[in-house]
Amino acid sequence: MMKGVPKTLLLTVALLAWAFSLASAFDPSPLQDFSVAINDTSSDHAVFVNGKFCKDPKLATANDFFFSGLDTPRDTSNPLGSNVTLLNVDKILGLNTLGISLARIDFAPYGLNPPHIHPRGTEILVVLEGTLLVGFVTSNPDNRFFSKVLNAGDVFVFPIGLIHFQFNVGKTNAVAFAGLSSQNPGLITIANAVFGSNPPINPVVLAKAFQLDRNVVNYLQKKF
């Protein structure tokens with residue numbers, strides 16, 4: 001015990017250090033080489049780990065760590081002109097407890113991956129083809145907007161939990177790949193969540209929050 005330092009202060013510091021260590025652990029750290037997720041929970045060898053059951057490591061195969069076809073262009077004929085192919089733990093069972101996932105994002109000319117957040121993952125994006133306008137907004141009270149135009153070979157990072165987007169500003173298709181720091185980073189598309197919630201948010205609340213006419217809010221809620 002250090003002389004002159006109250007026990008209560010030491011205890012408080014210790015508790016704070018413990019709390020911060022927990023706060024930084026978004027995905028569980030693996031305690032073995034891998035813990036392949038399993039969908040058949042009836043197995044006698046299944047062990048529950050943070051939302052997924054794990055199979056006996058001796059039963060794992062190479063296919064548990066494999067996915068094919070990410071080189072194939074995706075269909076972007078939708079109102080947004082974009083298509084995200086996410087490879088998380090649901091698509092590659094071997095990602096369980098490894099804390100990473102991958103996405104391919106296809107853009108039609110002027111296609112948009114709309115403002116959204118990943119509540120459990122930081123994203124690092126690399127452009128393979130085309131030209132993208134990207135950006136993110138920091139939290140309150142500053143709400144600083146960081147933006148950049150990216151070309152093939154450029155990389156940009158979107159910090160965890162911040163609103164961000166990617167917009168194809170070119171006249172040709174664009175393709176990007178994104179790595180995320182979670183086996184299941186989650187996705188909240190802002191417009192869908194606010195105007196397309198189930199059940200709907202009271203229009204009076206949204207009209208006041210966004211300083212919109214009530215009729216505009218009603219229109220947006222019907223659209224989403």
Using the side chain to side chain contact (heavy atoms under 4.5 Å, CB included) criterion, which residues pair with Pro200? Sequence neighbours excluded. Gln221

Interatomic spacing from CD1 in Ile190 to CD1 in Ile117 - rounded to 0.5 Å: 5.0 Å

Any donor-acceptor pair under 3.5 Å linking the side chain of Thr76 with the backbone of Ser82? no

Looking at every non-hydrogen atom in both residues, tell me the closest pair between Phe145 and Gly135 and how far apart they are. CE1-CA, 3.9 Å

Would you call the rings of Phe34 and Phe65 parallel, tilted or perpendicular if under 30° counts as parallel and over 60° as perpendicular? perpendicular

Indicate the atoms forming the closest heavy-atom contact of Gly111 with Phe167, along with that distance. O-CD1, 3.4 Å

Applying side chain to side chain contact (heavy atoms under 4.5 Å, CB included) to Ile100 and not counting sequence neighbours gives Leu95

Pairs flagged by side chain to side chain donor-acceptor pair (under 3.5 Å) wherever residues 186-211 is involved - sequence neighbours left out: none

Heavy-atom pair of closest approach, residues Thr72 and Arg104: O-CZ, 3.6 Å

Could you walk me through whether Phe195 and Phe210 pass ring-ring contact (aromatic ring centres under 6.0 Å, His included), step by step? CA-CA 11 Å; Phe195 296 105; Phe210 288 92; 5.5 Å; yes

How about Phe67: does its CZ atom have over 12 heavy atoms from other parts shown lying under 6.0 Å from it? yes

Heavy-atom side-chain contact between Leu112 and Tyr110 under 4.5 Å: no

Qualifying residues under side chain to side chain contact (heavy atoms under 4.5 Å, CB included), relative to Thr61, sequence neighbours excluded: Asn63, Asp64

Are side-chain heavy atoms of Val149 and Leu132 found at a separation under 4.5 Å? no

Any side-chain to backbone donor/acceptor pair from Arg74 onto Asp106? Under 3.5 Å, distance only. no

Would Phe156 end up clustered with Leu128 when hydrophobic side chains under 4.5 Å apart are linked, directly or stepwise? no

What distance separates Asn83 CG from Asp75 CG, expressed to the nearest 0.5 Å? 6.5 Å

Can a donor-acceptor pair be found, under 3.5 Å and without considering hydrogens, that links the side chain of Asn143 to the backbone of Thr138? yes

Go through the structure and list residues passing salt bridge (Lys or Arg N to Asp or Glu O under 4.0 Å) with Asp154, not counting sequence neighbours. none

Same hydrophobic cluster for Phe136 and Val157, using side-chain heavy-atom links shorter than 4.5 Å among ILVMFWY? no

OG of Ser101 to NZ of Lys91: how many Å apart, nearest 0.5 Å? 11.0 Å

Kindly give the heavy-atom pair with the smallest separation between Val84 and Ala103, and that separation in Å. CG1-CB, 4.2 Å

Audit row: Leu102, Leu70, side chain to side chain contact (heavy atoms under 4.5 Å, CB included) steps and yes/no: CA-CA 10 Å; Leu102 178 70; Leu70 209 58; 3.7 Å; yes

Assigning hydrophobic clusters by single linkage (Ile, Leu, Val, Met, Phe, Trp, Tyr; side-chain heavy-atom cutoff under 4.5 Å), is Val205 placed with Ile188? yes

Are Val155 and Ile124 side-chain neighbours, meaning at least one heavy-atom pair lies under 4.5 Å? yes

Taking side chain as C-beta onward, heavy atoms only, is Phe107 less than 4.5 Å from Gln166? yes

For the residue pair His164 and Leu162, establish whether any side-chain heavy-atom pair is separated by less than 4.5 Å. no

Flag the pair Phe158 / Phe165 as yes when their ring centroid distance falls below 6.0 Å, and as no otherwise. no

Taking the side chain as every heavy atom from C-beta outward, state whether Val134 and Leu125 have any atom pair closer than 4.5 Å. yes

Check whether Phe224 and Leu206 end up in the same hydrophobic cluster, where Ile, Leu, Val, Met, Phe, Trp and Tyr are linked by side-chain heavy atoms less than 4.5 Å apart. yes

Is there a side-chain contact between Phe66 and Ile92 in this structure, where contact means two heavy atoms from C-beta onward sitting under 4.5 Å apart? no

Pairwise distance CG(Asn184) to CG(Asp90) - rounded to 0.5 angstrom: 6.0 Å

CG (Leu133) and CG (Leu150) are apart, to the nearest 0.5 Å, by 8.5 Å

With a 4.5 Å cut-off on side-chain heavy atoms, are Leu180 and Leu86 touching? yes

Nearest heavy atoms of His118 and Leu187, plus distance in Å: CE1-CD1, 3.9 Å

Identify each donor-acceptor pair in which a side-chain atom of residues 168-179 lies under 3.5 Å from a protein atom, sequence neighbours left out, and give them as a table.
unit_1, atom_1, unit_2, atom_2, d
Asn168, OD1, Gly170, N, 2.9
Asn168, ND2, Ala108, O, 2.8
Asn168, ND2, Thr172, O, 2.9

Output, in order, the C-alpha distance, side-chain angles, deciding distance and verdict of side chain to side chain contact (heavy atoms under 4.5 Å, CB included) for Ile163 and His116. CA-CA 5 Å; Ile163 295 174; His116 61 279; over 6 Å; no

Atom CG in Asn96, atom SG in Cys54: separation rounded to 0.5 Å? 4.5 Å

